Q: 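Sharing a structure, written as structure tokens. Questions coming.
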Amino acid sequence: MTDSFAHYASHINIRPKTKTMLIFSTPCCSPSTAFFSPFRASNCKPLRSSTLCLRSLTSSATSITSTSNSSLAFNIVKPKEKNVVSANMTSSVSSRTFLNAQNEQDVLSGIKKEVEAGTLPASIAAGMQEVYLNYKSAVIKSGDPKANEIVLSNMTALLDRIFLDVKEPFVFEAHHKAKRGPFDYYMFGQNYIRPLVDFETSYVGNMPLFIQMEEQLKQGHNIILMSNHQSEADPAIIALLLEMQLPHIAENLIYVAGDRVITDPLCKPFSIGRNLICVYSKKHMLDNPELIDMKRKANTRSLKEMATLLRSGSQIIWIAPSGGRDRPVANSGEWAPAPFDSSSMDNMRRLVDHSGPPGHIYPLAILCHDIMPPPLKVEKEIGEKRIISYHGTGISTAPEISFSSTTAACENPETAKDAYTKALYDSVTEQYDVLKSAIHGKKGLQASTPVVSLSQPWK
């Protein structure tokens with residue numbers, strides 16, 4: 001979650017509205033997700049192979065909202081004003097360069113061919129080749145006997161999606177719903193990241209609390225996950241570690257996403273497969289003075305979308321109140337959750353408290369930076385170098401933290417904000433340290449503490 005996003009929360013009308021709610025046995029979801037839950041059996045292990053015929057899928061007919069301003073990362077007009085057109089109207093006659101590739105030589109020569117034809121910018125082509133080679137190296141290190149098959153299947157699908165988006169860029173709405181058909185972007189993202197996860201050294205902390213969240217969602221409650229943020233793979237990691245027992249949460253989680261993940265050509269195909277509230281980061285708000293006003297209006301629109309969602313109930317939303325990804329701590333080089341912004345925390349808490357349905361704020365810790373570590377420093381330009389590895393990962397949650405009990409002794413609102421932020425951040429840090437001990441310290445399940453009980457729910 002970005003600071004700029006939180007700033008606008010204080011200007012949104014969040015007074016509770018009187019309403020009649022219908023409570024269903026499961027939270028409402030789109031038809032495409034309601035009937036597609038890939039791993040429900042409790043005695044099945046996560047698939048190691050990702051060769052689910054991705055290359056044979058037809059090209060997407062996902063839609064975009066047309067806009068006269070090509071610099072917009074996502075659309076901010078009201079729904080009734082939208083002019084929806086096909087995102088890939090020419091896909092049926094477009095080049096199938098990458099889906100037709102039979103081996104690595106075909107892939108690399110295909111990239112070169114499209115550059116020479118003037119259909120693929122050289123900068124994007126360089127990124128595509130880099131990702132292919134790094135992904136190949138990581139999957140091979142996993143030891144999967146079908147590594148080469150997996151790499152070819154997943155990478156040709158990714159390169160095809162990138163190429164289609166270069167020709168006809170997808171524009172995100174303020175509230176983006178995951179595109180599940182005719183090309184299933186959600187499963188594409190899951191299958192792409194799955195071979196990078198060493199499930200033998202991956203863990204979930206306090207699984208019963210995640211199960212409790214699902215019960216609360218069924219009752220119409222809202223769930224907010226206040227989390228650290230480590231990599232572009234965070235959404236897939238959360239979903240992969242929960243999909244076996246909690247497919248509804250895995251598929252229906254909404255992520256507050258900064259504009260970089262919806263503008264970077266190499267990242268967009270993964271973002272299309274997630275439910276998002278799209279915002280512009282304060283870190284990059286001033287990059288282009290001419291776009292500042294547009295970005296502020298877009299963030300206001302996004303806050304209104306979130307308020308509407310929360311009023312409907314049964315929503316689970318992931319937010320990173322640090323405003324960006326974790327990075328190694330100066331001098332030590334050790335990774336740790338980045339500090340949380342107290343204004344972001346307080347504004348979101350008030351938004352949840354005044355939405356109407358009961359709301360619960362849980363601290364969530366993620367450890368997955370080894371999979372796709374971010375650049376050591378925040379970069380202004382789009383197009384960061386992608387380092388990809390095979391490694392164990394982990395997520396953990398802890399009991400929700402009550403604002404009233406945490407701040408009872410505080411003398412004023414400012415100290416109360418700081419105390420509540422500290423309580424949530426300290427919980428995330430404590431859980432993160434347990435995950436770190438289990439994964440990097442190689443203690444496994446023995447790293448469990450009275451506060452964090454580790455398990456591997458896919459076994």
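All values derive from a computational prediction rather than experimental measurement. Counting begins at 1 with the first residue of the sequence.
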Q: Within the 3.5 Å criterion, strictly below it, is a donor on Y135 or E130 matched to an acceptor on the partner's side chain?
A: no

Q: Donor-acceptor check, side chain of S402 to backbone of S405, threshold 3.5 angstrom: yes or no?
A: yes

Q: So does E215 have more than 12 non-hydrogen atoms from other groups sitting under 6.0 Å from CD?
A: yes

Q: Have H229 and D234 got a donor and an acceptor in their side chains that come within less than 3.5 Å?
A: yes

Q: Considering non-hydrogen atoms only, spot the tightest contact between I150 and P195 and give its length.
A: CG2-CG, 3.6 Å

Q: Compute whether any side-chain donor of one residue and acceptor of the other, for Y432 and Q230, lie under 3.5 angstrom apart.
A: yes

Q: Check G205 against L454 and note the closest heavy-atom contact, atom names and distance.
A: CA-CD2, 3.9 Å

Q: Could you tell me if R180 sits above the aromatic ring of Y185, with its cationic atom closer than 6.0 Å to the ring centre and no more than 45 degrees from the axis?
A: no

Q: Determine, step by step, whether S271 and F170 satisfy the side-chain contact (heavy atoms from CB on, under 4.5 Å) criterion, reporting the C-alpha distance in whole Å, the side-chain angles of both residues, the deciding distance to 0.1 Å, and the verdict.
A: CA-CA 11 Å; S271 299; F170 185 92; over 6 Å; no

Q: Which distance, rounded to the nearest 0.5 Å, do you find between the CG of N134 and the CE of M372?
A: 10.0 Å

Q: To the nearest 0.5 Å, tell me how far S396 OG sits from L367 CG.
A: 11.0 Å

Q: Between F340 and V428, is the side-chain contact (heavy atoms from CB on, under 4.5 Å) condition met? List the steps.
A: CA-CA 10 Å; F340 288 178; V428 169; 4.0 Å; yes

Q: Is a side-chain donor or acceptor of S202 paired with a backbone partner of T393 at a separation under 3.5 angstrom?
A: yes

Q: Give a yes or no answer on whether the side chain of N275 reaches the backbone of K177 with a donor-acceptor pair at less than 3.5 Å.
A: no

Q: Is K268 salt-bridged to D264, going by a charged N under 4.0 Å from an acidic O?
A: no

Q: Taking atom CD of Q216 and atom CD1 of I223, what is their separation to the nearest 0.5 Å?
A: 4.0 Å

Q: Taking the side chain as everything from C-beta on, heavy atoms only, tell me whether M306 gets closer than 4.5 Å to V256.
A: yes

Q: State yes or no: are the ring centers of H176 and Y255 separated by less than 6.0 Å?
A: no

Q: Any chance you could measure K141, atom NZ, to D198, atom CG, to the nearest 0.5 Å?
A: 13.5 Å

Q: Is a donor from one side chain sitting under 3.5 angstrom from an acceptor on the other, for S427 and Q431?
A: yes

Q: Looking only at the side chains, is there a donor atom on one of D346 and Y420 sitting less than 3.5 Å from an acceptor on the other?
A: no

Q: If you define the side chain from C-beta out and look only at heavy atoms, does anything of L364 sit under 4.5 Å from F210?
A: yes

Q: Quick one: does S312's side chain have a donor or acceptor within less than 3.5 Å of a partner on L309's backbone?
A: yes

Q: So, do M128 and L159 sit near enough that their side-chain heavy atoms are less than 4.5 Å apart?
A: yes

Q: Go through Y362 and Q212 one step at a time and tell me if the side chain to side chain donor-acceptor pair (under 3.5 Å) criterion holds.
A: CA-CA 11 Å; Y362 289 88; Q212 175 179 299; 2.8 Å; yes

Q: Should W458 and L240 count as side-chain neighbours, where that means a heavy-atom distance under 4.5 Å?
A: no

Q: Mind checking the CG-NE2 spacing from N222 to H360? Nearest 0.5 Å is all I need.
A: 8.5 Å

Q: State, with a plain yes or no, whether a side-chain heavy atom of I237 is found less than 4.5 Å away from one of V197.
A: yes

Q: Quick one: list whatever passes salt bridge (Lys or Arg N to Asp or Glu O under 4.0 Å) with D433, sequence neighbours left out.
A: none

Q: I'd like to know if the side chain of S142 reaches the main chain of D144, judged simply by a donor and an acceptor atom lying under 3.5 Å from each other, with no hydrogens or angles considered.
A: yes

Q: Kindly compute the distance separating CD1 (I388) from CG (L133), expressed to the nearest 0.5 Å.
A: 10.0 Å

Q: Dump the intermediate steps for side-chain contact (heavy atoms from CB on, under 4.5 Å) on L158 and L266, then the final yes or no.
A: CA-CA 8 Å; L158 173 60; L266 301 184; over 6 Å; no

Q: On a heavy-atom basis, which atom in L209 and which in P399 lie closest, and how many Å separate them?
A: CD1-N, 3.4 Å

Q: Thinking salt bridges, do R194 and E243 make one under a 4.0 Å N-O criterion?
A: yes

Q: Are K459 and E200 ion-paired here, with the side-chain N under 4.0 Å from a carboxylate O?
A: yes

Q: For residues T156 and L99, report the shortest heavy-atom separation together with the two atoms involved.
A: O-CD2, 3.8 Å

Q: For a quick test of your reading: what N or O donor-acceptor pairs under 3.5 Å do the side chains of residues 434-445 make, sequence neighbours left out?
A:
| residue | atom | partner | partner atom | Å |
| --- | --- | --- | --- | --- |
| K436 | NZ | E334 | OE1 | 2.7 |
| H440 | NE2 | D370 | OD2 | 2.9 |

Q: Keeping T421 on the side-chain end and D418 on the backbone end, is there a donor-acceptor pair under 3.5 Å?
A: no

Q: Evaluate the side-chain contact (heavy atoms from CB on, under 4.5 Å) criterion for residues M213 and T397: first the C-alpha distance (whole Å), next the side-chain angles of each, then the deciding distance (0.1 Å), finally the verdict.
A: CA-CA 10 Å; M213 291 178 197; T397 191; 3.4 Å; yes

Q: Answer yes or no on whether R161 is positioned over the face of F188, meaning its NZ or CZ is under 6.0 Å from the six-membered ring centre and within 45° of the axis.
A: no

Q: Kindly say whether C278 contributes a backbone atom to a donor-acceptor pair with the side chain of S302 at under 3.5 angstrom?
A: yes

Q: Is a donor on one side and an acceptor on the other found under 3.5 Å between the side chain of S227 and the backbone of I319?
A: no

Q: Which heavy-atom pair separates M226 from P321 by the least distance, and what is that distance?
A: SD-CG, 3.9 Å

Q: For N206 and A398, work out which heavy atoms get closest and say how close.
A: ND2-CA, 4.2 Å

Q: With salt bridge (Lys or Arg N to Asp or Glu O under 4.0 Å) as the criterion, how do D353 and R349 come out once you've worked through the C-alpha distance, each side chain's angles and the decisive distance to 0.1 Å?
A: CA-CA 6 Å; D353 287 348; R349 177 190 61 80; 3.1 Å; yes

